[in-house]
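Order of appearance sets the numbers: ligands from 1, and atoms from 1 within every ligand.
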Amino acid sequence: MKNVGIVALGKYLPERQLTNADLERMVETSDEWITTRTGIKERRIAAAGEKTSDLAVKAALDALKNAPVKAEDIEAIIVATVTPDGPFPSVACLVQKGIGNHKAFAFDVNAVCSGFLYAMTTAKQFIATGMVKNALVVAADRFSTLVDWKDRNTCVLFGDGAGAAVLAPVEEGGILADFLTANGEGASLMYVVSETSRTPCDQALEVGRLPYIVMHGQELFKHAVPGMAEAVDIAARRAGVALEDIKCVVPHQANDRIIASVAKRAGVDKERFFINIDKYGNISAASVVVALCEAVEEGRIKKGDKIALTVFGAGLVAAANIVEWSY
Ligand code: ACO
C-alpha cells in the first residue's frame, strides 16, 4: 500500500456577501443573536445562474494551478455535494469537462457536511491500492437553493462555496488514518422537504415553499459534539498519534459553540482549532476543505505537521482523518 497525501488545495467562494445586517432586513433576527449563537458574521451566496458545477470547476482549477499533476493526467474525480445541478449528470462529470480532462472516472458522493472526508477517504483507497495514480477530490455546495429564506432557524446558518484537493502518492506521511461512521437512526433530525418528497395527492405541503430544510438544531448539537470529538480520538488512535502532537485541528464549521465544545470534549486547546465560520457560515461539504486551504495559506499548517480533520452532518454522518502534511 502506498502512502497517499494531499499535494495541492484550492477553493472558490462566490463574490456576493450576505451579512448579518442583510439578514436583519429579511427575517426577525439580529447580528447579536447570530454572532453569539453561531459565530457567523457573513456568508457567500452564488450568483443567479451560478451552479454547483461552476463553483466546483473553479475550486478544482485553483487546486490544479498549484498541483504537481496536470488536469489532463487526473485519473479519478470525486465530488462531494448534496446540491448537484440536477439528478444527472454528476457534478464530477461536469468538473471533468470543465477542467479539460478525458482520462478520469468520475462520480459524486452524498454525505452532506461529511462529504469531503468521505470522498477523500474513498479516493485514497483507489490510489493506495494502485488502481489510479492520482485523484481530484472536490466539495461543492449551493445551500442557498435549499434554504427557506423566511425561516430564521436555518437561513442564517448556511452559505455557498467549494474547495478542492489533489491526492497523489507521497514519500512519507500523508493521510495516516481514516474514520468514517453513520447513524441512520438520527436521519429525522435534519432533512430537506422537496418536490420529490410529495406524493401526487399530498395537500399538506406548501408547494410554493419547496424546497426547505427541517433541522432540530439542539438535538443535532448534542450529536455533533461527541460525533466530531470521538471521530478525532478514534482516527488518532488508528494513526498512533497522541492528541497533544496534533498541531492543528480543522473541523466542520457548523457553529463556533460546537467547535468550542468539541475542543473541550477532546481535551485539545481551542487555539489549535482553525476557525473561519465568521466569513462563510456552514458551506456543508466544502467547509472543511476551504478551512484546510486557508489554514495552509495562513501558515498554520506546514510540511511535517500532524493535523486532524473532523466533520459531522445530517444523516447522521461523521468522519475524521489524521494527516501528516506533505508540502
Ligand atoms: N434569530 C433570532 N432568534 C432565533 C433565530 C435567529 N436567527 N433562530 C432561532 N431563534 C430563536 C428560537 O426561535 C428560540 O426562541 P424561543 O426560545 O422563543 O423559542 C431561541 O432563538 C433559541 O433557539 P434554539 O434553537 O434553542 O437556539 P440554539 O442555541 O440551539 O442555536 C442553532 C440554534 C444555531 C441551530 C444550534 O442549535 C446549532 O448549531 N445546532 C447544530 C447545527 C448542526 O450541527 N447541523 C448539522 C450540520 S449541518 C449539515 O449537515 C448540512
_Between Lys58 and Asp54, is the salt bridge (charged side-chain N to carboxylate O under 4.0 Å, His left out) condition met? List the steps._
CA-CA 6 Å; Lys58 285 180 178 158; Asp54 299 319; over 6 Å; no
Heavy-atom contacts with [X] under 4.0 Å: which atoms of ligand 1 show up? List them by number with element.
X      : answer
Ile258 : 41 (C), 44 (O)
Gly313 : 50 (O)
Thr38  : 34 (C)
Asn153 : 8 (N), 9 (C)
Ala314 : 49 (C), 50 (O)
Asn255 : 34 (C), 36 (C), 38 (C), 39 (O)
Val156 : 7 (N)

Should [X] be counted as touching ligand 1, given the test is an N or O pair under 3.5 Å?
X      : result
Ser30  : no
His252 : no
Arg152 : yes
Gly217 : yes
Phe143 : no

Side chains of [X] and [Y], donor plus acceptor under 3.5 Å:
X      : Y      : answer
Ser326 : Lys303 : no
Arg43  : Asn20  : yes
Asn101 : Glu72  : no
Thr38  : Asn255 : no
Thr81  : Thr52  : no

Protein heavy atoms near [atom], is at least one of them under 4.0 angstrom away?
atom                    : result
atom 28 (P) of ligand 1 : yes
atom 19 (O) of ligand 1 : no
atom 14 (C) of ligand 1 : no

*Close approach, Ile34 and ligand 1, non-hydrogen under 4.0 angstrom*: no
*So, Asp256 and Arg37, do they make that salt bridge, N to O below 4.0 Å?*
no
*Are Lys41 and Asp278 ion-paired here, with the side-chain N under 4.0 Å from a carboxylate O?*
no
_Proximal candidate to atom 35 (C) of ligand 1 [heavy atom criterion; set Met190, Met215, Met228, Glu28]_ = Met215
*Taking the minimum heavy-atom distance to atom 22 (C) of ligand 1, which of Arg257, Arg37, Gln218 ranks first?*
Arg37
*asked:* Using the rule side-chain hydrogen bond (donor to acceptor under 3.5 Å, both in side chains), only one of Gln17, Glu42, Glu294 pairs with Lys279; which is it?
replied: Glu294
Among protein heavy atoms, which sits nearest to [atom], and what does the distance come to when rounded to 0.1 Å?
atom                    : result
atom 49 (C) of ligand 1 : Cys113 SG, 2.6 Å
atom 33 (C) of ligand 1 : Trp33 CH2, 4.1 Å
atom 45 (N) of ligand 1 : Leu220 CD1, 3.5 Å
atom 1 (N) of ligand 1  : Thr29 OG1, 2.6 Å

*Run the numbers on Asn134 and Glu75 for side-chain hydrogen bond (donor to acceptor under 3.5 Å, both in side chains), then give the verdict.*
CA-CA 6 Å; Asn134 57 57; Glu75 297 187 4; 4.8 Å; no
*Measure up the Tyr327 and Trp325 rings against each other and bin them: parallel (under 30°), tilted (30 to 60°), perpendicular (over 60°).*
tilted
*Per-residue contact class, Asn282 against ligand 1 - non-hydrogen pairs under 4.0 Å*: side chain
*Check each heavy atom of Val112 against ligand 1 and say whether those closer than 4.0 Å belong to the side chain, the backbone, both or neither.*
side chain
*Supply the atom-to-atom distance Lys65 NZ to Asp62 CG, rounded to the nearest 0.5 angstrom.*
4.0 Å
_Exercise: identify the closest heavy-atom pair between Arg142 and Ala46_ = NE-CB, 3.5 Å
*Run the numbers on Glu324 and Lys247 for salt bridge (charged side-chain N to carboxylate O under 4.0 Å, His left out), then give the verdict.*
CA-CA 10 Å; Glu324 185 179 321; Lys247 170 92 181 301; over 6 Å; no
